[in-house]
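The next block holds one structure in the form of structure tokens; read it before the comments.
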Amino acid sequence: MMVMTYFSLSMSAQTSVNISYEKVKHAQSMQWVCPKVDKYQNMLYSQRNDDYKVYANNIKYRIELYSNPEQPTDKYLVTQAIFNIENPLFDSKNLLSHISRWIMSEKKEWAKNLEMDLSEKAVRSTASVHVASHAAFIETFKVFVSPNLVIKLISDNKLLVSFSTNIYENGVYDSNNKRIRLIKDKISEVYPFAEKSSHKITYAKAYVGTYLYFWNFISALRNELNTNFTKDTKMLKQLSYEYSVDSLRAKYGEPTKVIAEQTTNHDIHKELRFYENAQKFIFMGKTIDFNDVMSCEIVDDPKFIPGRTTTYGLGFSIFGIGIGGADSYTTPNKTIHSYVVNVKIDNMGTPLIYLATGQNEQMANEIAAVFEYILRHQQSNKTSRPQKSKVVTKRTRR
């Protein structure tokens with residue numbers, strides 16, 4: 001009977017469930033749903049006005065600042081959205097890793113301070129975000145905010161995205177784009193919350209621009225997940241690997257030896273699995289009898305890179321006569337090895353197995369040693385088969 005592998009999948013902060021490969025393989029695609037994104041983006045668009053002071057006041061009456069319960073006078077511009085995950089079936093580490101990679105590639109301003117907290121199932125970061133510019137006379141005002149970002153799984157089917165900030169950093173630049181001073185103001189103490197504050201148009205643009213940035217970020221994340229994380233492909237590959245391993249164990253028992261690169265991403269098609277009791281080995285999904293092995297050789301095709309001399313410094317020449325001050329640096333000659341193990345098989349369908357190990361000579365020797373063992377210990381059909389050759393090593397000279 002086939003043994004089915006189960007993978008421990010932590011899907012929420014409180015629970016763990018066992019998910020089979022077949023269930024994940026045939027599961028419906030996930031959907032990341034958040035009507036609030038469209039609602040607020042439409043609202044921001046519908047309240048648009050060419051006069052940013054009017055625009056900011058329109059938004060002010062529809063979105064309140066958040067008051068800190070411990071310090072009611074300390075108010076924050078907060079934007080939060082919850083993604084409801086339809087058909088949730090994923091490993092939380094894979095989800096958070098996917099989000100982190102997307103941020104580093106598409107939202108690079110957040111990459112420097114990005115942290116992934118697996119225990120809390122959260123991604124956190126801070127960044128300096130440009131939200132507004134306003135030219136006035138010979139000066140230009142550029143406003144930045146430095147929000148806290150938290151993306152957190154709050155249950156098995158809900159993902160929270162949250163931004164919060166309470167300070168504007170208003171840089172004043174001259175005609176040469178050189179910052180001549182920096183003004184820091186609390187958002188709640190300038191326009192549109194303080195009608196008599198300075199730089200009304202600048203802060204009106206910053207107020208609107210901050211909300212636009214936050215909701216555009218959330219919208220882009222939702223689109224990314226609905227495009228590229230409707231299936232947890234990494235989890236599926238892991239379960240497929242475990243499923244294949246158990247299938248082979250059910251047929252041939254425990255492997256005598258497995259040769260593979262050291263990696264966290266297991267792939268049975270990149271492994272050599274030897275089953276001595278069954279007298280078989282597996283490569284690239286093909287099962288081959290030990291008795292079909294005819295020969296094995298290691299070939300090294302090295303690439304020689306000659307050293308070079310570089311001269312730098314103040315040296316120069318006049319009429320062919322060198323004047324000092326120059327230094328030279330010489331790089332040594334280098335040889336880059338490229339090892340390949342060729343195994344001939346007495347099978348027209350798979351006559352040759354080509355195993356490239358690159359510069360890894362140790363792995364090439366390990367593979368060759370196993371096939372040498374197989375050639376020495378073949379017991380059946382000796383008289384009817386051609387003489388088996390020994391393992392040899394060839395080096396192509398350049």
Side-chain angles (χ1 to χ4, degrees), residues 36-68 71-81 103 106-113 125-150 161-221:
K36 196 174 180 180
V37 174
D38 300 320
K39 173 185 174 182
Y40 276 87
Q41 284 190 313
N42 290 338
M43 185 272 291
L44 289 167
Y45 180 80
S46 67
Q47 299 304 313
R48 185 180 180 88
N49 193 293
D50 291 337
D51 185 336
Y52 269 88
K53 289 186 291 183
V54 175
Y55 194 177
N57 267 301
N58 290 344
I59 303 304
K60 167 189 172 182
Y61 292 119
R62 287 163 176 81
I63 309 176
E64 294 183 1
L65 295 183
Y66 171 80
S67 297
N68 186 345
Q71 295 179 316
T73 58
D74 191 12
K75 297 185 177 182
Y76 288 78
L77 192 160
V78 174
T79 297
Q80 291 186 331
I103 289 174
E106 300 297 328
K107 304 293 181 182
K108 295 180 181 179
E109 63 269 30
W110 298 91
K112 182 178 179 181
N113 300 311
S125 187
T126 58
S128 180
V129 178
H130 180 224
V131 292
S133 294
H134 178 62
F137 302 106
I138 60 173
E139 296 177 331
T140 299
F141 298 89
K142 297 180 182 179
V143 184
F144 292 79
V145 292
S146 298
N148 292 315
L149 166 65
V150 178
V161 184
S162 175
F163 292 94
S164 63
T165 186
N166 68 337
I167 297 288
Y168 288 134
E169 295 179 0
N170 186 5
V172 185
Y173 294 77
D174 63 17
S175 58
N176 295 316
N177 201 32
K178 179 181 178 181
R179 195 176 78 183
I180 54 179
R181 64 183 183 275
L182 178 65
I183 306 167
K184 290 190 176 183
D185 282 312
K186 286 190 174 182
I187 293 173
S188 60
E189 296 177 357
V190 295
Y191 196 85
F193 300 99
E195 294 288 338
K196 295 183 179 181
S197 64
S198 302
H199 315 300
K200 290 183 178 66
I201 296 177
T202 301
Y203 286 133
K205 287 184 174 182
Y207 179 65
V208 173
T210 302
Y211 279 119
L212 288 171
Y213 178 90
F214 289 168
W215 284 110
N216 286 340
F217 183 108
I218 295 170
S219 176
L221 176 58

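Annotation: ring-ring contact (aromatic ring centres under 6.0 Å, His included) contacts of Y207 (sequence neighbours excluded): F193, Y211. Take D51 and apply the side chain to side chain contact (heavy atoms under 4.5 Å, CB included) test, not counting sequence neighbours, and it matches N49, K53, V54. Evaluation of the side-chain hydrogen bond (donor to acceptor under 3.5 Å, both in side chains) rule for N216 yields Q41 as partners, not counting sequence neighbours. The side chain to side chain contact (heavy atoms under 4.5 Å, CB included) test applied to S67 returns K75, not counting sequence neighbours. With sequence neighbours left out, N177 forms a side chain to side chain contact (heavy atoms under 4.5 Å, CB included) with K142, Y173. With sequence neighbours excluded, no residue satisfies side-chain hydrogen bond (donor to acceptor under 3.5 Å, both in side chains) with D50. Taking the ring-ring contact (aromatic ring centres under 6.0 Å, His included) definition, one finds that Y40 meets it with W215, sequence neighbours left out. Not a single ring-ring contact (aromatic ring centres under 6.0 Å, His included) links Y191 to another residue, sequence neighbours left out. With sequence neighbours left out, H199 forms a ring-ring contact (aromatic ring centres under 6.0 Å, His included) with F141. Considering only residues two or more places apart in sequence or on other chains, S219 meets the side-chain hydrogen bond (donor to acceptor under 3.5 Å, both in side chains) condition with none of them. Partners of E106 by side-chain hydrogen bond (donor to acceptor under 3.5 Å, both in side chains), not counting sequence neighbours: none found.
Across W110 and F163, no two heavy atoms sit closer than the pair CZ2-CE2, 3.7 Å. Between K36 and Q80 the shortest heavy-atom distance is NZ-O, 3.1 Å. When every heavy atom of Y61 is checked against every heavy atom of N57, the shortest pair comes out as CD1-O, 3.0 Å. The two residues P147 and T165 make their nearest non-hydrogen contact at CA-CB, 3.9 Å. The two residues S146 and S128 have their closest heavy-atom pair at OG-CA, 4.0 Å.
Rounded to the nearest 0.5 angstrom, R62 CZ and M43 CE are separated by 7.5 Å. Expressed to the nearest 0.5 Å, how far NZ of K107 lies from CG of L149 amounts to 11.0 Å. Note that OG1 of T79 is 6.5 Å distant from CD1 of I63, once rounded to the nearest 0.5 Å. How far OG1 of T210 is from CZ of F144: 11.5 Å, rounded to the nearest 0.5 Å.
Residue E195 qualifies as enclosed at atom CD: its count of foreign heavy atoms under 6.0 Å is above 12.
With contacts defined as side-chain heavy-atom distances shorter than 4.5 Å, the pair N58/R48 does not qualify. You'll find the side chain of N148 reaches within 4.5 Å of the side chain of S164, heavy atoms only.
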Let me check something: any side-chain donor-acceptor pairs from residues 178-188 under 3.5 Å, sequence neighbours excluded? List them with distances.
unit_1: R181; atom_1: NH1; unit_2: E139; atom_2: OE2; d: 3.3
unit_1: D185; atom_1: OD2; unit_2: Y203; atom_2: OH; d: 2.5

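Aromatic rings of F214 and F217 (six-membered ring for Trp) have centroids beyond the 6.0 Å cut-off, not under it.
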May I have the step-by-step check of side-chain contact (heavy atoms from CB on, under 4.5 Å) for V145 and Y168, ending in yes or no?
CA-CA 5 Å; V145 292; Y168 288 134; 3.7 Å; yes
